[in-house]
Amino acid sequence: MKDNLQAVPVLDSLSLPHGKRTRLWRMLYGHGPRNGTLLVLPLDQGLEHGPTDFFPHPPALDPQYQFELAEAGGFSAIALGIGLAEKYMGRHAGRVPLILKLNGKTNIPSDAEATSPLFASVEDAVRLGADAVGYTLYVGSPRQHEEIRQFGQVRRDCERYGMPLVMWSYPRGAAVEAKGGKNSLYAQDYAARVALELGADIVKLHEPVAERAKSPAPYDALDEDAAARSQRVVRSAGRTMVLFSGGEKNDDDDAVLRKVEFYMQSGAGGVMFGRNMWLRPFDQAVALVRQVHAIMQRYPR
């Protein structure tokens, strides 16, 4: 392999137990763009942000809205917590792959010592027919040692049950802010490597921004454009597939599509777009998802 090249992780190249391989295949090739990429619809914002995220589009407050969107739009999976899965999965079971989030928090306390306790288990995911579990790790938080220890048990359970593990790798805390902030290249690059080192199969990250003034060496000397920064983060994740977040809603459909194209060009394995999808009127959201499919189908894995 040449020094500056790294193969994008694909299912056939990964050493995985049969259970993980089967569940990943369903998401990568049985649903969504069906070409080895992932288009995930997250609905953990109600816990993480509270009801305010739904104010711009009140119909989205009903989780049935997102389940119907996930099915009509042909998403690879929907990601949410156990309460929503048990109460709303219903007739969508088997039609929409489930990523069950096992931990979470509210945004009421400060993020200075952010921690995300478990409220569900890998056994719950098996019982609900999930195709993967999700776990949030606050990289750099003063309480990260608790979460890393907790993650270790989740990872062992995933190996025992053949369950793919998706990490929401989120830099947080005063130390992170002092070194450039949670979305700096330093923080996102570190978060990508942490996911690889700890054994995640897939990692959700945010696009790294240019923040050199506070970043530690050698990041303070890197003068890279957005493409180079995103590619660097993908490389740091190694054989852990990267999903980039859509972030807050952008009312410009073309801007959302450009973002998808940019992420796929960066080597990402897919995207996890929530508010940019379910805060739109249903028919408009479905139409936008179809356009996203068309872009992602140009990047088979």
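Residue His31 comes nearest to Arg95 through the heavy atom pair CE1-O, 3.4 Å, listed as atom of the first residue, atom of the second, then distance. Between Met27 and Ser76, the shortest heavy-atom distance links the atoms O-CB, 3.5 Å.
Side-chain contact between Leu11 and Tyr29: present, with at least one pair of heavy atoms (C-beta onward) separated by less than 4.5 Å. Considering only heavy atoms from C-beta on, Val139 stays 4.5 Å or farther from Arg172 through its side chain.
Counting heavy-atom neighbours within 6.0 Å of Lys182 NZ, excluding the residue itself, gives a total of 12 or less. By the 6.0 Å contact criterion, NE2 on His145 is enclosed, its count of non-hydrogen atoms from other residues, nucleotides or ligands being greater than 12. In Glu123, the CD atom is not crowded: 12 or fewer heavy atoms of neighbouring residues, nucleotides or ligands sit closer than 6.0 Å.
In this model, no donor atom of one side chain and acceptor atom of the other lie less than 3.5 Å apart for Glu211 and Tyr219. For the 3.5 Å distance criterion, the side chains of Ser116 and Glu147 fail to qualify, holding no donor opposite an acceptor. Residues Gln150 and Tyr135 have side chains that bring a donor and an acceptor to within less than 3.5 angstrom of each other. Judged purely by distance below 3.5 Å, without hydrogens or angles, the side chains of Ser236 and Asp189 pair a donor atom with an acceptor atom.
Ionic pairing of Asp251 and Lys249 is present here: one or more N-O contacts between side-chain nitrogen and carboxylate oxygen are shorter than 4.0 angstrom.
By the 30° and 60° cut-offs, the orientation of the rings of Tyr170 relative to Tyr138 is tilted.
Taking the centre and axis of the six-membered ring of Trp168, the NZ or CZ atom of Lys101 falls inside the cone set by 45° and 6.0 Å.
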